[in-house]
A.B. asks: 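If you scroll down you'll find the structure; I have some questions about it.
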Amino acid sequence: MRRFVALGCASVIVIASRAASADPGDLPVRDVPSATPARTFVPTVGVGLGLLTETAKVDVLGTESSERRGDTRAVVSLGLAHRVVRLGVRVRLDGHAQIGLGPTFFGGRYQVPLREDVTFAFDATSFLSLRAGLGLGVVVDATRSSMSYGEVGVPVGATFFEVIELVYRPYLGVPFSSDERATFGGTRDVPAALAVVPFDLTLRFRISALGF
């Protein structure tokens with residue numbers, strides 16, 4: 001009986017010593033799933049509806065009169081959402097570059113809005129991000145270049161499920177030039193107005209599958 005006990009103890013000691021001296025590199029390595037990297041750039045498509053403001057000045061025989069009028073523009077746009085910097089677990093700065101094309105309803109012109117917005121994004125829930133920030137833009141009038149103007153916008157919006165985004169973006173319009181024409185006995189000058197435009201709404205869809 002003592003021989004069997006001694007033989008068993010010797011076997012345990014030999015196995016333990018071999019395990020202790022084994023090289024860690026010889027141990028089997030289990031596959032560890034890698035985390036999916038966050039996409040830095042995500043393409044977007046959108047549709048928008050907004051206002052724009054113009055002024056008309058008429059000078060006839062030394063008598064000047066002016067009026068301000070509004071127009072409405074529809075836009076189809078392509079964009080690129082991109083990360084700027086992460087400020088915390090639920091807070092970050094995001095950017096969005098956009099180019100659009102659309103007609104004005106009353107003036108019958110086509111305009112090309114070019115915009116870059118940077119927004120402070122807060123992840124309120126797992127499916128909702130709230131946004132507010134500042135944006136700059138240039139609206140190129142493809143029909144009458146003299147009606148082109150610059151923008152300083154304040155985008156405010158929300159992103160749902162990282163797919164659907166609704167953005168309200170009032171802006172200050174800054175005219176670049178004007179369209180001056182001769183009229184009977186005087187001149188007629190029509191530029192884009194220096195004015196705060198209170199309504200510009202865009203619905204965007206993020207195409208995460210094409211992100212990189």
Side-chain angles (χ1 to χ4, degrees), residues 32-53 70-102 104 110-142 147-176 192-212:
V32 178
S34 58
T36 302
R39 292 178 173 84
T40 304
F41 301 94
V42 178
T44 66
V45 294
V47 291
L49 186 67
L51 301 178
L52 55 114
T53 307
D71 204 341
T72 305
R73 178 184 62 223
V75 172
V76 176
S77 62
L78 297 176
L80 191 65
H82 56 91
R83 292 288 175 88
V84 176
V85 63
R86 178 165 285 280
L87 303 175
V89 177
R90 304 174 69 181
V91 181
R92 63 186 182 276
L93 285 180
D94 284 349
H96 185 269
Q98 171 187 307
I99 179 171
L101 175 65
T104 63
Y110 278 87
Q111 295 187 331
V112 181
L114 305 169
R115 292 173 172 175
E116 172 67 36
D117 294 342
V118 175
T119 55
F120 177 88
F122 172 69
D123 296 329
T125 67
S126 60
F127 63 87
L128 174 64
S129 298
L130 303 177
R131 301 177 180 276
L134 186 67
L136 297 176
V138 174
V139 177
V140 179
D141 196 302
M147 301 300 293
S148 302
Y149 61 92
E151 294 179 341
V152 180
V154 182
V156 178
T159 304
F160 302 91
F161 302 101
E162 289 295 327
V163 176
I164 303 173
E165 190 164 282
L166 188 63
V167 181
Y168 170 67
R169 189 181 184 276
Y171 65 88
L172 171 67
V174 181
F176 291 150
L194 176 63
V196 174
V197 181
F199 179 76
D200 189 283
L201 192 64
T202 301
L203 177 64
R204 279 200 294 259
F205 298 90
R206 297 185 175 220
I207 310 174
S208 299
L210 299 180
F212 56 94

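Computed from a predicted model, the values in this text were never measured in an experiment.
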A.B. asks: Over all heavy atoms of both residues, which pair between P170 and P198 is shortest? Give the atoms and the distance, please.
C.D. replies: CB-O, 3.9 Å
A.B. asks: Side chain of S148, backbone of D141: donor and acceptor closer than 3.5 Å?
C.D. replies: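 Looks like yes, one N/O pair under 3.5 Å.
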A.B. asks: Report yes if the side chains of F199 and T72 come closer than 4.5 Å at any heavy-atom pair, otherwise no.
C.D. replies: no
A.B. asks: Is a donor on one side and an acceptor on the other found under 3.5 Å between the side chain of R86 and the backbone of G88?
C.D. replies: yes
A.B. asks: Given side chains that start at C-beta, do those of L194 and V174 come closer than 4.5 Å, heavy atoms only?
C.D. replies: yes
A.B. asks: Which is it for E165 and S129 under the side chain to side chain contact (heavy atoms under 4.5 Å, CB included) test, yes or no, and what are the steps along the way?
C.D. replies: CA-CA 9 Å; E165 190 164 282; S129 298; over 6 Å; no
A.B. asks: Report the C-alpha distance between I164 and F205 in whole Å, list the side-chain angles of each, state the deciding distance to 0.1 Å, and finish with yes or no for side chain to side chain contact (heavy atoms under 4.5 Å, CB included).
C.D. replies: CA-CA 5 Å; I164 303 173; F205 298 90; 4.1 Å; yes
A.B. asks: Ignoring hydrogens and geometry, is there a side-chain-to-backbone donor-acceptor pair from R90 to D123 under 3.5 Å?
C.D. replies: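 Here the side-chain-to-backbone pair exists.
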A.B. asks: What residues form a side chain to side chain donor-acceptor pair (under 3.5 Å) with T53, not counting sequence neighbours?
C.D. replies: none
A.B. asks: For the residue pair T119 and V156, establish whether any side-chain heavy-atom pair is separated by less than 4.5 Å.
C.D. replies: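 SC-SC contact between T119 and V156 ruled out.
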A.B. asks: Would you call the rings of F41 and H82 parallel, tilted or perpendicular if under 30° counts as parallel and over 60° as perpendicular?
C.D. replies: tilted
A.B. asks: Can you name the residues that form a salt bridge (Lys or Arg N to Asp or Glu O under 4.0 Å) with D71, not counting sequence neighbours?
C.D. replies: none
A.B. asks: Step by step, would you call V167 with R204 a side chain to side chain contact (heavy atoms under 4.5 Å, CB included)?
C.D. replies: CA-CA 8 Å; V167 181; R204 279 200 294 259; 3.4 Å; yes
A.B. asks: Looking only at heavy atoms, what is the nearest atom pair of E116 and G95, with distance?
C.D. replies: OE2-CA, 4.1 Å
A.B. asks: So do P155 and R115 actually touch side chain to side chain, heavy atoms under 4.5 Å?
C.D. replies: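 With C-beta onward as the side chain, the pair stays apart.
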A.B. asks: Take R131 and D117, measure what salt bridge (charged side-chain N to carboxylate O under 4.0 Å, His left out) needs, and give me the verdict at the end.
C.D. replies: CA-CA 11 Å; R131 301 177 180 276; D117 294 342; over 6 Å; no
A.B. asks: Any side-chain heavy atom of L49 within less than 4.5 Å of one from L201?
C.D. replies: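 With C-beta onward as the side chain, the pair stays apart.
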A.B. asks: Should we say atom CZ of F122 is surrounded by more than 12 heavy atoms from elsewhere, each under 6.0 Å from it?
C.D. replies: yes
A.B. asks: Quick check: closest heavy atoms across P113 and V75, and the distance to 0.1 Å?
C.D. replies: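 In this case the closest contact between P113 and V75 is CG-CG2, 4.0 Å.
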A.B. asks: What verdict does the side chain to side chain contact (heavy atoms under 4.5 Å, CB included) test give for F160 and L128, after you've listed the backbone C-alpha separation in whole Å, the side-chain angles of each residue and the deciding distance to 0.1 Å?
C.D. replies: CA-CA 5 Å; F160 302 91; L128 174 64; 3.6 Å; yes
A.B. asks: Taking the side chain as everything from C-beta on, heavy atoms only, tell me whether L52 gets closer than 4.5 Å to V197.
C.D. replies: no
A.B. asks: Mind checking whether L136 and V152 have side chains closer than 4.5 Å, heavy atoms only?
C.D. replies: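 Yes, at least one pair of side-chain atoms sits under 4.5 Å.
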A.B. asks: According to side chain to side chain donor-acceptor pair (under 3.5 Å), who are the partners of Y171, at least two apart in sequence or on a separate chain?
C.D. replies: Y149
A.B. asks: Answer yes or no: is there a side-chain heavy-atom contact under 4.5 Å between H96 and L80?
C.D. replies: no
